[in-house]
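Below is one structure; the comments refer to it alone.
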Amino acid sequence: MTKQQLFEQIQKKRSFLCVGLDSSLDKIPKHLLKYENPILEFNKQIIDATKDLCVAYKPNTAFYECYGKKGWETLTETWKYIPEDIFSIADAKRGDIGNTSAMYAETFFNAASSEMSFDSVTVAPYMGSDSVTPFLTFKDKWVILLALTSNMGHADFQLQEVGEDRLFEKVIKTSQAWATDEQMMYVVGATRGAAFGDVRKLAPDHFLLVPGVGAQGGDLGEVCKYGLNSQCGLLINSSRGIIYAGQGEDFAERAREEALKLQQEMEQILVKAELV
Ligand SMILES: O=C(O)c1cc(=O)[nH]c(=O)n1[C@@H]1O[C@H](COP(=O)(O)O)[C@@H](O)[C@H]1O
């Protein structure tokens with residue numbers, strides 16, 4: 001998917017919501033355990049209930065890899081179930097020496113070999129250019145590079161000064177030589193509030209993937225105040241806050257209610273910013 005197509009989806013749905021499919025057997029409603037593949041059934045019902053309210057789905061691969069062969073199959077089938085006009089993110093946080101990264105890129109982008117072709121993959125920048133560029137050889141596929149993450153430990157490295165910059169700023173500056181804003185996004189945690197202003201100084205036009213709304217307590221208004229750009233430029237992810245909103249037979253409706261609350265808030269923000 002291109003950047004323009006993503007923006008058009010945002011305008012059409014009046015939403016920049018990404019639903020995180022961090023689905024695990026111990027958290028999904030108990031009545032689903034009778035199915036042959038409970039997590040796939042869960043994901044399908046969540047997708048059916050939210051697909052008109054969101055513009056992206058983000059399965060975190062850890063929640064699939066932990067179940068071995070069956071988990072990998074569930075990830076593949078989940079990717080197949082995501083509608084084509086919805087941006088798909090393999091949240092795998094990969095990155096390795098060049099020839100290994102090339103195989104990771106095949107895994108997530110080349111359906112001919114892996115049966116999956118996500119629109120994007122999350123990548124850690126730590127190993128540098130040759131660990132990231134193999135993901136950029138696929139047309140209209142995206143790297144979503146970790147910049148300023150939502151977790152406590154972000155301060156251990158990302159805020160350390162490297163010359164004149166903090167490390168996350170260095171990551172954003174240096175990586176812009178590897179790809180344009182048509183193929184690269186940055187992860188900036190919703191819990192980082194005013195730091196969105198600093199990120200926007202360096203990357204005014206890039207899309208940012210923003211996890212941390214919902215269960216981690218990030219504030220949507222604050223993120224948008226500093227992070228919105230002329231093509232919206234934000235994909236706001238919520239995983240647990242949406243998918244585990246209910247535990248009963250009506251879990252998908254409850255998930256929809258939570259997604260709708262966020263979509264309605266986003267619609268107001270888009271209208272106010274005259275983006276729709
Ligand atoms: O790359 C990510 O998606 C990510 C980066 C980050 O800084 N913080 C973060 O929480 N995430 C992911 O975003 C999701 C957040 O889930 P919830 O806290 O349940 O909404 C999880 O899949 C995390 O792995």
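Counting convention: from 1, in listed order, for ligands and their atoms alike.
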Distance-only side-chain donor-acceptor flag, Ser88 / Asp119, under 3.5 Å | yes
Before accepting this row, confirm whether a basic side-chain N of the pair Asp52/Arg256 lies closer than 4.0 Å to the acidic partner's carboxylate O.
-> yes
If you measure from the Lys or Arg side-chain nitrogens to the Asp or Glu carboxylate oxygens, is any gap between Arg166 and Asp198 under 4.0 Å?
-> yes
Check ion pair Glu77-Lys70 (N to O, under 4.0 angstrom) = no
Is Thr149 touching ligand 1 with its side chain, its backbone, both, or neither, if touching means heavy atoms under 4.0 Å apart?
-> both
Compare Gly217, Gly212, Pro211, Gly153 and give the one whose heavy atom is closest to atom 4 (C) of ligand 1.
-> Pro211
Going by the 4.0 angstrom heavy-atom rule, the piece of His154 near ligand 1 is neither
So is Asp91 polar-close to ligand 1, meaning N/O to N/O under 3.5 Å?
-> yes
Give the residue and atom name of whichever protein heavy atom lies nearest to atom 8 (N) of ligand 1, and the separation in Å to one decimal.
-> Ser150 OG, 2.6 Å
What protein heavy atom sits nearest atom 19 (O) of ligand 1, and how far off is it?
-> Arg240 NE, 2.6 Å
Work out whether the distance between some heavy atom of Lys58 and some atom of ligand 1 is less than 4.0 Å.
-> yes
Which residue holds the protein heavy atom closest to atom 21 (C) of ligand 1, what is that atom called, and what is the gap in Å?
-> Asp22 OD2, 3.1 Å
At a 4.0 Å cut-off, with the gap strictly under it, does some heavy atom of Asn237 reach an atom of ligand 1?
-> yes
Would you say the side chains of Gln216 and Ser150 form a donor-acceptor pair under 3.5 Å?
-> yes
Heavy-atom count around Gln4 CD within 6.0 Å, excluding the residue itself: above 12?
-> yes
Output yes when the distance from some N or O of ligand 1 to some N or O of Lys93 is under 3.5 Å, and no in every other case.
-> yes
What is the closest protein heavy atom to atom 10 (O) of ligand 1, and at what distance does it sit?
-> Gln216 NE2, 2.8 Å
Should the pair Trp72 and Phe108 be assigned to parallel (<30°), tilted (30 to 60°) or perpendicular (>60°) ring geometry?
-> tilted
Nearest non-hydrogen protein atom to atom 24 (O) of ligand 1, with distance, is Asn60 ND2, 3.0 Å
Closest to atom 16 (O) of ligand 1 among protein heavy atoms sits Ser239 OG, 3.2 Å
State whether Glu258 and Lys261 are salt-bridged, where the test is any N-O pair (Lys NZ or Arg NE/NH1/NH2 against Asp/Glu carboxylate O) under 4.0 Å.
-> yes
Salt-bridge present (Asp165, Lys170; N to O < 4.0 Å) = no
Under 4.0 Å to a heavy atom of Val187 - the qualifying atoms of ligand 1, by number = 1 (O), 5 (C), 7 (O)
